[in-house]
Amino acid sequence: MRVTKGAQIVASTALLAVAVAACGGGSGTETGNSGTSADTPVRMELGEPQNLLVPSNTTESEGAEALAAVFEPLVNYNENKEAVEAAAESITSDDNKVWTIKLKSGYTWHNGEPMIAQNYVDAWNFAANQENAQGAGYFFGRIDGYADLNPGEGKTPSTKEMKGLKAVDDTTLQVTLTAPFSQFKTMLGYTAFYPLPKAAFGADGKVTDAYGEQPIGQGMFKLDKPYKKGTDQSIDLTVYDKYPGKKPNGWTKLQFKLYNSSETAYNDLQGDNIDIHDSLPASAIASAKTALGERYQDQPDAGIGYIGFPLQYNDEYKDIKMREAISMAIDRKTIAETVFSGTRAPADDFINPAIAGYRQGACAACSYNPGKAKEQYAAANGPKMLELGYNADGGHKEWIEAVANNLRANLGVEVTVKPFEKFASILDDLDAKKYKGMFRMGWAIDYPSAENYLTPIFSTGAIKTGSNYAGYTNPEFDKTVAKGDQAPTAEEGLKFYQQADDILIKDLPYIPVYFYRNNSGYSTKVKNVKINLLNQVEWVDVEKA
C-alpha cells in the first residue's frame, strides 16, 4: 500500500473521519437496504485520500483505489503477473530504449472528447516538471528530457516538454528513455501513467483544483459530483455508458464510503451497511471467518510491512549496528501468528515471496535474536528512549504495541508509541521531514517487479517527491538498480535487483517486519468479489447477490 502504491503506500485499514453509523445511511444515491436495485450503489470502505484526485500526485493506496475506478491504465496484470494491454493496443520496443505505444480506439473522456496520444504527453510532462511538485514525478525520470524539467531547487526548467516524449499521431505515442529499461511496459499500469484530458489544465498549464475534486477519466466510472476532501463522507460514481470495455452486470452505482475506524467499517460490513471491506482490522481477523463464512477472503498479497527510520533528519538512528539490534529484537513470528492470527508471514527479505526475486532468509538481521540484539544495542550506545509512530486509523495499534514491547523487553529502553489520527497525517509529516521518530510504513506494489520494491522507496531520486521517507541515499544502491534497469531482459535484470536488495539488507533504512496477506470481506448483498494484485477491487466481476 498502491502503493501506492505510486506506488502505493499501504494505508491498510486507513480510514477517514467519518462517524458512519452502524445504521448505514450515507450520502449520494443510496436508496435503502434492498440491495437489489441497479441504482443502489455497491459500497466500499475507503480512507481519506492524502491529496486531491490527481493521478501523478496520488502515491498512496486510498486515492489510487478511487482513481483506478475512474481511469483505464495502459496495461493491466494477469494471474501470471504479466502486463497485458488495456487502453494500449500494443507496446513494443526493439532495444528497450525507444518504445512505441499504440492506443486502442473507442476510448473517450467522460466529457465526450476522444482520448488521444497527446493526452499522455500532456499528463506526463506535467507530472515530470519539478515546478508542479507531483509526488510521483520521479517515475518519469527514465524518459529522455526529464533532467531538463528538473534542473534542481532554485532553478527554473528550460522547457516544459521532455524531448523523449512524442505523440506521433492521435493513436501513437513514442517514448525514448535515456537508457534501456526492460521493465518499462510493466510499470505502465501504475496510477502515475494515467493520461489527462485537456479539461484538466487551467490557463497556466497546471492541473486545476476543480479537476482534482472531480477528475474526468476515460475508465469505467465517472464521478457524480466534486469530492470535497475533508468534508465529504463519500465519493460517488456511476458507470460511464461510453466506456468501451466490459461493464458490471446489473448495477451502475459505486460509492466509496470514508471511515476513520477500521473497526467501525467492519461493524458496518457485518450489518450489510457497506458491501466491501478490503483490509479487515487485525482485531477482527480471528473471528472474521466465522462471522462472514464464505464472504471472508484470505489470499496472498505482495505487500510488506516495515518499521522505518528518519535517517536524513535524525542522527540518532544513523548507526547501522543500532538498527540491526532493533531489528533482531522484534519477534516477527509471534506478531504474525498471534497479533495477525497467522494471516501474515515474518519478513526475511525486502522483496515479497509473491514476486520473482525473493530469497528466503536473505535478511539475517530479520531473525529474532534478543540476546545479540541487547548486546549490540549497548555496544552501539543506542538511545535510551525511542519513539514509534503509526497511523491510528489503520488497525496497526496491536502490532505496533507488540513491537514496542519487544524493544522495551529486549533492549531495556523506554519506548513511546505515538498514534497519528489519520494515515494522511503521518504521510504529511514524513513528507515535510517533521516527524523524527521511527515510523510504521507499508508498501503495496504499483506493478509486479522486484524493481518496484527498490526505486520508489529507497532511491535517492525518491527522497524529494517519492516515497523515500527515510531519506536514505546510497550511490552504490542507485547504480546497482540502474544496472538491473538496463539489462536486456527482466530475468537478467533480476540479479542486479537482488544485489541492490543485499545493499538494503546491509544498510537497513527500513526494517521488514511482515509480508501481507489480503484479508477482506463482503456483505450478503454482493458476490464474486475479487481483489487483484494491486489490492484493488475488480469491479467488472462484482455482482449483486
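- For N125 (side chain) and M162 (main-chain N/O), a donor-acceptor pair under 3.5 Å exists by modelled atom type.
- Here the CD atom belonging to E476 is positioned 5.0 Å from the CD1 atom belonging to I503, to the nearest 0.5 angstrom.
- Between the side chain of D429 and the backbone N or O of K434 there is no donor-acceptor pair closer than 3.5 Å.
- Applying the 6.0 Å contact sphere to NZ of K318 captures more than 12 heavy atoms from other residues, nucleotides or ligands.
- Residue F139 holds its CZ atom at 11.5 Å from CG of L188, rounded to the nearest 0.5 Å.
- At a threshold of 4.5 Å between non-hydrogen side-chain atoms, the residues R344 and I335 do not count as touching.
- For F193, the ring-ring contact (aromatic ring centres under 6.0 Å, His included) partners are W124, F140, not counting sequence neighbours.
- Side-chain atoms of E60 come within 3.5 Å of backbone atoms of G63 as a donor-acceptor pair (strictly under, hydrogens ignored).
- Checked by atom type and distance alone, the side chain of S449 pairs as donor or acceptor with a backbone atom of E451 at under 3.5 Å.
- Minimum interatomic distance between S279 and E45 (heavy atoms only, all atoms of both residues): OG-OE2, 3.7 Å.
- A salt bridge between E375 and K372 is absent, with no side-chain N of the basic residue lying under 4.0 Å from a carboxylate O of the acidic one.
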Show me, pair by pair, the donor-acceptor contacts under 3.5 angstrom made by side chains of residues 405-418, not counting sequence neighbours?
unit_1 : atom_1 : unit_2 : atom_2 : d
N405   : OD1    : R408   : NH1    : 2.6
N405   : ND2    : E401   : O      : 3.3
N406   : OD1    : D331   : N      : 2.9
R408   : NE     : V415   : O      : 3.4
R408   : NH2    : V415   : O      : 2.8
N410   : ND2    : A329   : O      : 2.9
N410   : ND2    : Y368   : OH     : 3.2
N410   : ND2    : N406   : O      : 3.2

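- Checked by atom type, the side-chain pair N352/Y453 shows no donor-acceptor distance below 3.5 Å.
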Show me the side-chain donor-acceptor pairs of residues 355-363 shorter than 3.5 Å, one per line, residues at least two apart or across chains.
unit_1 : atom_1 : unit_2 : atom_2 : d
Y358   : OH     : D348   : OD1    : 2.9
Y358   : OH     : D348   : OD2    : 3.1
R359   : NH1    : D502   : OD1    : 3.0
R359   : NH1    : D502   : OD2    : 3.4
R359   : NH2    : Q498   : O      : 3.2
R359   : NH2    : D501   : OD2    : 2.8
R359   : NH2    : D502   : OD1    : 2.9

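- Using modelled atom types, one side-chain atom of N132 and one backbone atom of F126 make a donor-acceptor pair closer than 3.5 Å.
- The minimum heavy-atom distance linking P281 with S262 is given by the pair CD-OG, 3.1 Å.
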Next on the checklist: Does D507 form a side chain to side chain donor-acceptor pair (under 3.5 Å) with Y472? I'd like the steps, not just the answer.
Outcome noted: CA-CA 9 Å; D507 289 350; Y472 168 74; 2.6 Å; yes
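- A side-chain donor from one of D485 and Y497 sits under 3.5 Å from a side-chain acceptor of the other.
- Side chain to side chain, D278 and N518 fail the donor-acceptor criterion of an N or O pair below 3.5 Å.
- Between L494 atom CG and E491 atom CD the span is 8.0 Å, to the nearest 0.5 Å.
- We find the OG1-CZ distance between T334 and R332 to be 11.5 Å, quoted to the nearest 0.5 Å.
- A salt bridge links E48 to K229: one of the charged nitrogens lies within less than 4.0 Å of a carboxylate oxygen.
- The salt bridge (Lys or Arg N to Asp or Glu O under 4.0 Å) contacts involving residues 125-140 comprise nothing, where partners must be two or more places apart or lie in separate chains.
- Of the N and O atoms on the side chains of Q134 and Y138, not one donor lies less than 3.5 Å from an acceptor on the other residue.
- Here N96 pairs with W99, P180, S182 under the side-chain contact (heavy atoms from CB on, under 4.5 Å) rule; sequence neighbours left out.
- The residue from E421, K422, K397, R440 that alone fulfils the side chain to side chain donor-acceptor pair (under 3.5 Å) condition with N391 is R440.
- Using bins of under 30°, 30° to 60° and over 60° for the plane-to-plane angle, the ring pair F309/Y317 lands in the tilted bin.
- Across all their heavy atoms, Y227 and S234 have their closest contact at CD1-O, 4.0 Å.
- Pairs engaging residues 373-451 under the disulfide bond (SG atoms under 2.5 Å apart) rule: none recorded [sequence neighbours left out].
- Under 3.5 Å, the side chains of K160 and N129 contain no donor-acceptor pair of N or O atoms.
- Residues D301 and A354 approach most closely at O-CB, 4.3 Å, considering heavy atoms.
- Heavy atoms only, all atoms of each residue included: I304 and Y306 are closest at CG2-CE2, 3.6 Å.
- With contacts defined as side-chain heavy-atom distances shorter than 4.5 Å, the pair N468/I457 does not qualify.
- A side-chain N or O of N519 and one of Y296 form a donor-acceptor pair less than 3.5 Å apart.
- Once rounded to the nearest 0.5 Å, the distance linking CE of M385 with CD of E316 reads 10.0 Å.
- Two residues are said to be in side-chain contact when any heavy atoms from C-beta on lie closer than 4.5 Å; L430 and M441 meet this criterion.
- No donor-acceptor pair under 3.5 Å is formed between the side chain of T455 and the backbone N or O of N452.
- The two atoms that bring P215 and L67 nearest to each other are CG-CD2, 4.2 Å, heavy atoms only.
- Distance alone, capped at 3.5 Å, places no donor-acceptor pair between the E62 side chain and the P49 backbone.
- Partners of K495 under the side-chain hydrogen bond (donor to acceptor under 3.5 Å, both in side chains) rule, at least two apart in sequence or in another chain, do not exist in this structure.
- Listed by chain and number, the residues in a ring-ring contact (aromatic ring centres under 6.0 Å, His included) with F420 are Y435 (sequence neighbours excluded).
- Note: M328 CE to S367 OG = 9.5 Å, rounded to the nearest 0.5 Å.
- Within the structure, side chain to side chain donor-acceptor pair (under 3.5 Å) contacts touching residues 143-159 (residues at least two apart or in different chains) do not occur.
- At least one donor-acceptor pair under 3.5 Å links the side chain of Q376 to the backbone N or O of K321.
- No option in T58, T59, D431 other than D431 meets the side chain to side chain donor-acceptor pair (under 3.5 Å) test with Q50.
- With hydrogens and angles left out, the side-chain atoms of Q499 and T480 include no donor and acceptor closer than 3.5 Å.
- Note on residues 315-346: no pairs pass disulfide bond (SG atoms under 2.5 Å apart), not counting sequence neighbours.
- Note on residues 417-480: no pairs pass disulfide bond (SG atoms under 2.5 Å apart), not counting sequence neighbours.
- Put simply, the side chain of L508 reaches to within 4.5 Å of the side chain of S327, judged on heavy atoms.
- Shown here are the ring-ring contact (aromatic ring centres under 6.0 Å, His included) partners of F439, two or more places apart in sequence or in another chain: Y510.
- The 12-atom threshold is not exceeded at NZ of K479, counting heavy atoms of other residues, nucleotides or ligands nearer than 6.0 Å.
- The local environment of CG in N381 is sparse, with at most 12 non-hydrogen atoms from other residues, nucleotides or ligands closer than 6.0 Å.
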